[in-house]
Amino acid sequence: METVGQHKDSMRSFSEKSKKPCHCTKSQCLKLYCDCFANGEICSDCSCINCCNNMEHATDRYRAIKTCLDRNPDAFRSKINSSIQGDVKGSHTRGCNCKSSGCLKNYCECYKAKIMCSSVCKCVSCSNYSRSEVKESAVEKSSHSDYSSTHRTAKSSVSCITDAVVEATCGCLLAQAEEAEKEGLTRVQAERATLEEFGHCLTQIVHFMFKHTHTQR
DNA sequence: GAGTTTGAAACT
DNA sequence: CAGTTTCAAACTC
């Protein structure tokens, strides 16, 4: 038999899209530290202390919202650009700044949003990119957290062809050549396959450059 | 559940 | 704008 409480819970989760309750203690839920506030929502069923993120404190709340908007007009906009021409991927508008998580834990806003890090990120030792897209990620990596490549190149789209990109491209070509050898292709066939791979690499690079001349700014 | 780690947000 | 502090979530034990 269903209890009243259970019913209430199911109604709640239905009407509130299972909003996560916050546990703020010091921010009064009036700063962006509070997820409810940051999502533009009123606290409900949270375990926060001294909460002012409700209609009883409407004035304080509006004032806090204004303060945030003064600081950043996009403060309440989604930080995720949801699409790149229908692609599943998105990108973080400001990127992350992770140092210790490798961008592989939920501390990382990109990882949490299930998106890969991009050139706007300033993360260190990033591992948040797809292995199957080594080429593209190498392009991206080279322009953010790649400290192994001697010095940082400017984040301009023109400087996409960095050491890391060259290295990744060579890696792809080598892999292709090895594969051709393993498959027992003739020399001509192998050369053709490798050249085609080179073409793919160039396409990726050009796509990336194009993409970022449009997404950045 | 307490304690630690983490990185965004806030502050200086 | 860079460095530091505050904060709450994520994580670990």
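The analysis underlying the following values was restricted to heavy atoms, covering all of them including side chains, and did not include hydrogens, waters or symmetry mates. In what follows, chains are A, B, ... by sequence order, proteins preceding strands, each numbered from 1. Keep in mind that this is a model prediction, so the values were computed, not measured.
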Asks: With a 4.0 Å limit, can you tell me whether A/Thr25 has a side-chain N or O closer than that to the phosphate oxygens OP1/OP2 of C/dA8?
Replies: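 Yes, such a contact exists.
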Asks: Look at the side chain of A/Ser27 and the backbone N and O of A/Tyr33, then say whether any donor-acceptor pair between them is shorter than 3.5 Å.
Replies: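 Checked: no pair found.
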Asks: Report the distance from atom CE of A/Met116 to atom OG of A/Ser127, rounding to the nearest 0.5 Å.
Replies: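 Interatomic distance, A/Met116 CE to A/Ser127 OG, rounded to 0.5 Å: 13.0 Å.
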Asks: Rounding to an integer number of Å, can you tell me how far A/Lys19 NZ sits from C/dA9 P?
Replies: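 Distance check: A/Lys19 NZ to C/dA9 P gives 10 Å.
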Asks: Between atom CG in A/Asn97 and atom C1' in B/dA10, what is the gap in whole Å?
Replies: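 It is 14 Å, rounded to the nearest whole Å.
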Asks: Roughly how far, to the nearest 0.5 Å, is the NE2 atom of A/His57 from the CZ atom of A/Arg63?
Replies: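 Reported to 0.5 Å precision, the distance equals 11.5 Å.
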Asks: Answer yes or no: does a side-chain N or O of A/Arg94 lie under 4.0 Å from OP1 or OP2 of B/dA9?
Replies: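 Yes, within the criterion.
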Asks: Does A/Lys26 have a side-chain nitrogen or oxygen under 4.0 Å from the phosphate oxygens OP1 or OP2 of C/dC7?
Replies: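 Answer yes for this pair, as a side-chain N or O of A/Lys26 is under 4.0 Å from OP1 or OP2.
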Asks: Rounding to an integer number of Å, can you tell me how far A/Tyr107 OH sits from B/dT5 C1'?
Replies: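 Atom OH in A/Tyr107 sits about 5 Å away from atom C1' in B/dT5.
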Asks: Would you say a side-chain N or O of A/Asn72 is under 4.0 Å from OP1 or OP2 of B/dA9?
Replies: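 The answer is no; no side-chain N or O of A/Asn72 sits under 4.0 Å from OP1 or OP2.
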Asks: Identify all stems in which DNA chain B takes part, counting only runs of at least 3 consecutive pairs (Watson-Crick or G-U wobble, each distance under 3.5 Å), and give each as one range with another, ordered by first number.
Replies: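 Stem list for DNA chain B: B:1-12 with C:2-13.
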Asks: What pair of heavy atoms forms the shortest contact from A/Cys52 to A/Leu30, and how long is it?
Replies: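 That closest heavy-atom pairing would be CB-CD1, 3.5 Å.
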Asks: For the side chain of A/Cys98, counting heavy atoms from C-beta on, which of B/dC11, B/dT5, B/dA8 is nearest?
Replies: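 Among B/dC11, B/dT5, B/dA8, the one nearest the side chain of A/Cys98 is B/dA8.
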Asks: Any side-chain N or O of A/Ser101 under 4.0 Å from OP1/OP2 of B/dG7?
Replies: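 Checking B/dG7 against A/Ser101, a side-chain N or O does come within under 4.0 Å of OP1 or OP2.
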Asks: Are any non-hydrogen side-chain atoms of A/Lys19 and A/Cys36 less than 4.5 angstrom apart?
Replies: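 Of all side-chain heavy-atom pairs linking A/Cys36 with A/Lys19, at least one is under 4.5 Å.
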Asks: Determine yes or no for a side-chain-to-main-chain donor-acceptor pair under 3.5 angstrom, with A/Asn128 supplying the side chain and A/Ile115 the backbone.
Replies: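 Flag set: sc A/Asn128 to bb A/Ile115 pair under 3.5 Å.
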Asks: Counting side-chain heavy atoms from C-beta on, which of B/dA8, B/dA10, B/dG7 comes nearest to A/Leu32?
Replies: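 In terms of side-chain proximity for A/Leu32, the closest of B/dA8, B/dA10, B/dG7 is B/dA10.
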Asks: Students often get this wrong, so: under 4.0 angstrom with heavy atoms, is A/Asp35 touching a base, only sugar-phosphate, or nothing?
Replies: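 Sugar-phosphate, no base atom in range.
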Asks: Just by modelled atom types, is the A/Glu56 backbone N or O under 3.5 Å from a matching donor or acceptor in the A/Asn54 side chain?
Replies: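 Checked: pair present.
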Asks: Using whole Å, what does the distance between atom P of nucleotide C/dA8 and atom CG of A/Leu30 come to?
Replies: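 So the CG-P distance, A/Leu30 to C/dA8, works out to 11 Å.
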Asks: side-chain contact (heavy atoms from CB on, under 4.5 Å), that's the test. Do A/Asn39 and A/Phe76 meet it? Break it down for me.
Replies: CA-CA 7 Å; A/Asn39 291 331; A/Phe76 297 97; over 6 Å; no
Asks: Could you check how far NZ of A/Lys79 sits from C1' of C/dA9, rounded to whole Å?
Replies: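 To the nearest whole Å, that distance equals 12 Å.
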Asks: Can you tell me the distance, in whole Å, between the CD1 atom of A/Ile49 and the P atom of C/dA9?
Replies: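 Checked: the CD1 to P distance equals 12 Å.
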Asks: Among B/dA8, B/dT6, B/dA10, find the nucleotide with the atom closest to the side chain of A/Arg71.
Replies: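 Of B/dA8, B/dT6, B/dA10, B/dA10 is nearest to the side chain of A/Arg71.
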Asks: Can you see if the side chain of A/Lys31 gets near the phosphate of B/dC11 - specifically, an N or O under 4.0 Å from OP1 or OP2?
Replies: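 A/Lys31 to B/dC11 OP1/OP2: side-chain N or O found under 4.0 Å.
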Asks: Counting heavy atoms from C-beta on, name the nucleotide in B/dC11, C/dA9, B/dG7 closest to the side chain of A/Lys99.
Replies: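 Output: B/dG7.
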Asks: Can you check the A/Lys122 NZ to B/dA8 C1' distance for me, whole Å?
Replies: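 Roughly 12 Å, once rounded to whole Å.
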Asks: Measuring only between side-chain heavy atoms, which start at C-beta, is A/Asn81 closer than 4.5 Å to A/Thr93?
Replies: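 Of all side-chain heavy-atom pairs linking A/Thr93 with A/Asn81, at least one is under 4.5 Å.
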Asks: Out of C/dC11, C/dA8, B/dA9, which has the shortest distance to the side chain of A/Asn106?
Replies: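 The answer is C/dC11.
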Asks: Quickly work out the A/Glu109 CD to C/dA9 P distance and round it to whole Å.
Replies: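 So the CD-P distance, A/Glu109 to C/dA9, works out to 13 Å.
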Asks: Please tell me if A/Ser27 has a side-chain N or O lying less than 4.0 Å from either OP1 or OP2 of C/dA8.
Replies: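 A/Ser27 to C/dA8 OP1/OP2: side-chain N or O found under 4.0 Å.
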Asks: Between B/dT6, B/dA10, B/dA8, spot the one nearest the side chain of A/Ser100, thanks.
Replies: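 That would be B/dT6.
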Asks: Nearest to the side chain of A/Cys24, heavy atoms from C-beta on, is which of C/dC11, C/dA8, B/dG7?
Replies: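 The listed nucleotide nearest to A/Cys24's side chain is C/dA8.
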Asks: If each of A/Lys112 and A/Tyr33 is mapped to the nucleotide of DNA chain C with the nearest heavy atom, which maps nearer the 5' terminus, i.e. the 5' end?
Replies: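 So the residue in question is A/Tyr33.
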